[in-house]
Amino acid sequence: MPRLRKRLNGTAGQDKKGPAGKRTKTKNPGEAPATVERPSPRETSALKKCGDNVSSYWLMKSEPESRLEKGVDVKFSIEDLKAEPKQTACWDGVRNYQARNFLRAMKLGQEAFFYHSNCKEPGIAGLVKIVKEAYPDHTQFEKSNPHYDPSSKKDNPKWSMVDVQFVRMLKRFIPLAELRTHHQVHKASGGPLQHMALFTLQRLSVQPLTREEFDFILSLEEKEPS
DNA sequence: GCCAACGTTGGC
DNA sequence: GCCAACGTTGGC
């Protein structure tokens with residue numbers, strides 16, 4: 001799976017993105033819609049808690065600090081997203097099936113938290129929305145890309161990406177440590193973050209959130225850091 | 001830099 | 001299909 005990892009931006013005009021989960025930016029967003037496959041059992045249980053069977057809220061991880069992957073910087077922070085044309089980038093580099101299937105389940109207009117991972121201060125930085133539904137991730141066919149997948153065929157691409165657009169920064173950065181504190185309290189006494197995927201589906205770079213989780217996290221914006 | 005958790009690969 | 005070896009993720 002993919003994670004998005006990081007990517008760097010870099011050269012002009014190109015995309016960058018990251019590793020599994022990370023994104024890059026894209027230049028021209030592509031087109032081909034992806035077919036959503038049957039969710040794995042694991043995903044199914046993650047989705048189930050979302051009430052309907054399909055989540056409407058998401059969390060997407062990206063690395064805001066430079067890190068080389070096969071010689072390519074996978075850094076991609078929310079500031080990098082803001083700097084893209086139309087503040088829009090393709091989320092390429094996801095190479096994990098579960099995360100890919102979540103990408104394929106995303107619908108136009110849905111919102112996602114932009115999470116900074118593998119950095120000094122991990123946590124949620126801002127809000128983005130899906131502006132293009134899943135289509136083939138072009139980086140799987142690029143030999144020089146850190147996420148090149150020689151086993152993927154052009155007539156049956158394995159990996160997908162979506163395009164996301166910056167919506168806004170959170171009023172304050174919500175650190176992972178604070179989310180974890182709430183998760184632990186909620187686990188013990190009941191509460192919205194009780195089953196949050198960030199703590200129960202570790203290492204997934206694209207994950208679903210229930211409306212309750214999403215709303216609770218947004219409510220933290222107004223509060224003092226705990 | 002360390003290392004735990006988890007995923008993938010590949011021999012058998 | 002099992003499982004050991006290895007690779008990756010990602011917090012600390």
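In what follows, every chain begins at residue 1, and chains take the letters A, B, ... in the order their sequences are listed.
Heavy atoms of A/Tyr115 sit under 4.0 angstrom from primed sugar atoms or phosphate atoms, though from no base atom.
Relative orientation of the A/Phe199 and A/His183 rings is parallel, given thresholds of 30° and 60° on the angle between their planes.
Remark: P of C/dG11 and CG of A/Leu179 are 11 Å apart, rounded to the nearest angstrom. Between the C1' atom of B/dG7 and the CG atom of A/Leu204 lies a distance of 11 Å, rounded to the nearest Å. Rounded to whole angstrom, the span from the CD atom of A/Glu121 across to the P atom of C/dG10 amounts to 17 Å. Straight-line distance from the CD atom of A/Gln98 to the P atom of B/dC6: 12 Å, rounded to whole Å. Computed from coordinates, the A/His183 NE2 to C/dG11 P distance equals 15 Å when rounded to whole Å. When rounded to the nearest whole Å, the span between CZ of A/Phe199 and C1' of B/dC6 equals 17 Å. Per the geometry, NE2 belonging to A/His147 stands 17 Å off P belonging to C/dG7, to the nearest Å. Rounded to a whole Å, the CZ atom of A/Arg100 is 15 Å from the P atom of B/dG7.
By the criterion of side-chain heavy atoms lying less than 4.5 angstrom apart, applied directly or through intervening Ile, Leu, Val, Met, Phe, Trp or Tyr residues, A/Val167 is grouped together with A/Ile217 in one hydrophobic cluster.
If you check C/dG10, B/dC6, B/dT8 against the side chain of A/Arg203, the one that comes closest is B/dC6.
For the ring pair (Phe, Tyr, Trp, His ring centres under 6.0 Å) with A/Phe114, the lone residue among A/Phe173, A/Phe166, A/Trp91 that qualifies is A/Trp91.
For the residue pair A/Glu142 and A/His147, no side-chain donor N or O sits within less than 3.5 Å of a side-chain acceptor on the partner.
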